[in-house]
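These notes concern the structure reproduced below.
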Amino acid sequence: MARQPSLRRVAGGGSGAPDGDEVLLRRIARGDERAFEELYDEVAGAVLGMVRRVVRDPAQSEEVTQEVMVEVWRRASRYDPERGSVRTWVLTMAHGRAVDRVRSAQAASGREQKVGRREHHAPYDEVVEAAEDRLDRQQVRRCLESLTDLQRESVRLAYWGGYTQREVAELLGAPVGTVKTRLRDGLIRLRDCLGASA
Amino acid sequence: MSTEPNDLHVLTGAYAVHALDDDERAAFEQHLRTCPACREEVRGLRAAAARLASSESVEVSPALRARVLAEVRQTRQLPPRLPEEDRRGRAWRRSPLAGSLSARPLATAAAAAAIVVAATLGGVAWQQHQEAEHARDAVQTVAEVLAAPDVRTVRGTSNGPGTATAAVSAQEDAAVFTARDLPDLPSGLAYQLWVLRDGRAVPEPVLRLGAGGTTVPVVADDVRDAQALAVTVEPSAGSVTPTSDPLLVVPLA
């Protein structure tokens with residue numbers, strides 16, 4: 001029976017007092033499996049949802065999610081609050097693993113494979129929305145609208161498509177330097193908009 | 001093709017969403033070591049990217065949860081990273097029979113290997129190497145692998161000049177790879193490391209040649225299920241799949 005995810009929401013870390021997630025992770029670092037289960041129930045949904053959208057294949061998505069959560073357990077003692085919130089730490093690691101999985105599969109199946117093979121269309125239809133994330137989703141969607149079309153497209157291709165900046169440049173027919181700038185500026189706008197309405 | 005140092009700041013966004021190639025990432029991580037403004041920016045942009053992820057949250061099946069918890073129960077955790085001052089001495093101090101190094105042959109071998117690595121890199125380079133490793137995320141350092149209680153040394157075979165050695169730890173799921181007596185390559189070419197797993201060659205970074213044809217040691221992660229490490233000659237920016245036959249192979253299985 002799946003446990004309800006906790007409603008505890010991490011605002012983005014760095015506000016002085018250690019938040020609930022940091023305390024959890026400290027317990028996890030000492031081998032506390034119950035604390036791990038709590039953190040799992042809080043973040044696994046976001047990990048799996050994101051990985052599924054990048055990796056697409058459901059079985060591989062579950063594998064990558066499992067790898068990531070086991071790494072959270074393994075590396076709990078290495079979490080550094082200076083680098084961001086626990087949630088950011090987990091989701092950054094997860095995104096890195098998802099992208100690695102997609103790229104090594106790409107490399108293995110041959111260099112001739114078209115770059116355009118990976119998904120770069122609208123959201124995945126079968127995503128099941130957990131109720132408490134609906135507001136979050138709306139906020140992110142709204143903030144994405146504050147980006148220019150080109151910034152949003154670059155961010156989407158890089159983040160969800162798992163493309164390198166050179167591949168994004170190729171797909172958009174733009175110089176790599178322009179893509180670098182758009183990724184940076186687009187994410188800065190997203191950061192500022194989300195930070196303002198956190 | 002290289003990016004000028006003052007152009008590296010613009011890579012914060014791409015770095016935050018894992019959109020850099022391996023050599024670009026290595027160069028940027030080196031830059032991060034000396035740029036607190038970039039570190040701060042990366043922190044914020046990663047947080048923004050993580051919010052993108054959160055917006056796609058889904059329900060997780062109980063079966064997956066059970067599998068994760070079962071694997072966690074069987075998985076050892078990494079020990080905490082010690083403050084900088086304590087770290088270099090770690091290979092010597094890390095022994096369950098504290099103070100009696102000779103009673104633990106593995107600890108002695110690890111200590112000896114650490115001396116070799118440090119001597120290869122030289123004092124200043126070792127410090128830079130340590131700091132660059134510290135600036136990276138979620139990657140084992142050379143010292144951590146060498147200090148693992150289950151570390152073993154494997155010698156490679158070669159098709160020509162050069163010898164390769166790897167220090168492998170299943171517990172750390174990583175291997176430290178070094179090669180020596182490698183001839184210089186013409187400009188435009190470089191030695192690249194690969195992890196061979198399930199019939200695939202997974203690219204690792206291009207190796208840097210130091211003094212006397214010895215490569216700067218690199219750590220390869222995810223070696224637990226790998227069959228071997230191999231080195232090929234590739235274009236200097238690195239390849240996604242090998243374009244030539246291996247020169248050096250270190251069997252892992």
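Scope of the values below: all heavy atoms of this structure, side chains included, with no hydrogens, waters or symmetry mates. In what follows, chains carry the letters A, B, and so on, assigned in the order in which the sequence lines appear, proteins first and then strands, with residues in each chain numbered from 1.
Looking at A/V155, the atoms closer than 4.5 Å to chain B (heavy atoms on both sides) all sit in the side chain, from C-beta outward. Only the side chain of A/F36 has a heavy atom closer than 4.5 Å to any heavy atom of chain B. Neither the backbone nor the side chain of B/R39 comes within contact range of chain A, judged by heavy atoms closer than 4.5 Å. Contact annotation for A/E62: both backbone and side-chain heavy atoms come within less than 4.5 Å of a heavy atom of chain B. Using a 4.5 Å cut-off between heavy atoms, A/L187 contacts chain B through both its backbone and its side chain. Contacts between A/I28 and chain B at a heavy-atom distance below 4.5 Å involve backbone atoms as well as side-chain atoms. Of the two parts of A/R30, only the backbone, made up of N, CA, C and O, holds a non-hydrogen atom closer than 4.5 Å to a non-hydrogen atom of chain B. Proximity to chain B (any heavy atom under 4.5 Å) is shown, for A/A44, by both the backbone and the side chain. Interface remark: A/S154 contributes no atoms to any contact with chain B (heavy atom separation under 4.5 Å).
A donor-acceptor pair under 3.5 Å is formed between the side chain of B/Q77 and the backbone N or O of A/W73. Side-chain N or O atoms of B/R76 include none that pairs as donor or acceptor with a backbone N or O of A/R74 at under 3.5 Å. Using a distance-only test at 3.5 Å, with no hydrogens or angles considered, a donor-acceptor pair links the side chain of B/R43 to the main chain of A/E82.
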Q | Worked check of side-chain contact (heavy atoms from CB on, under 4.5 Å) between A/R83 and B/V42 | A | CA-CA 9 Å; A/R83 297 232 191 102; B/V42 163; over 6 Å; no
Q: Evaluate side-chain contact (heavy atoms from CB on, under 4.5 Å) for A/L144 paired with B/L52, printing each intermediate quantity in order.
A: CA-CA 9 Å; A/L144 280 172; B/L52 284 177; 3.9 Å; yes
Q. For A/Y40 and B/V72, what are the C-alpha separation, side-chain angles and deciding distance, and is it a side-chain contact (heavy atoms from CB on, under 4.5 Å)?
A. CA-CA 11 Å; A/Y40 177 93; B/V72 157; over 6 Å; no
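Counting heavy-atom pairs closer than 4.5 Å to chain B, the top residue among A/M69, A/E33, A/Q165, A/R182 is A/Q165. Considering only heavy-atom pairs separated by less than 4.5 Å from chain B, the leading option among A/S104, A/G31, A/A76 is A/G31.
Side-chain contact between B/R51 and A/R191 is absent, with no heavy atoms from C-beta onward closer than 4.5 Å.
A salt bridge is absent between A/K180 and B/E24: the closest approach of a Lys/Arg side-chain nitrogen to an acidic carboxylate oxygen does not fall below 4.0 angstrom.
Note: A/R184 CZ to B/H9 NE2 = 8.5 Å, rounded to the nearest 0.5 Å.
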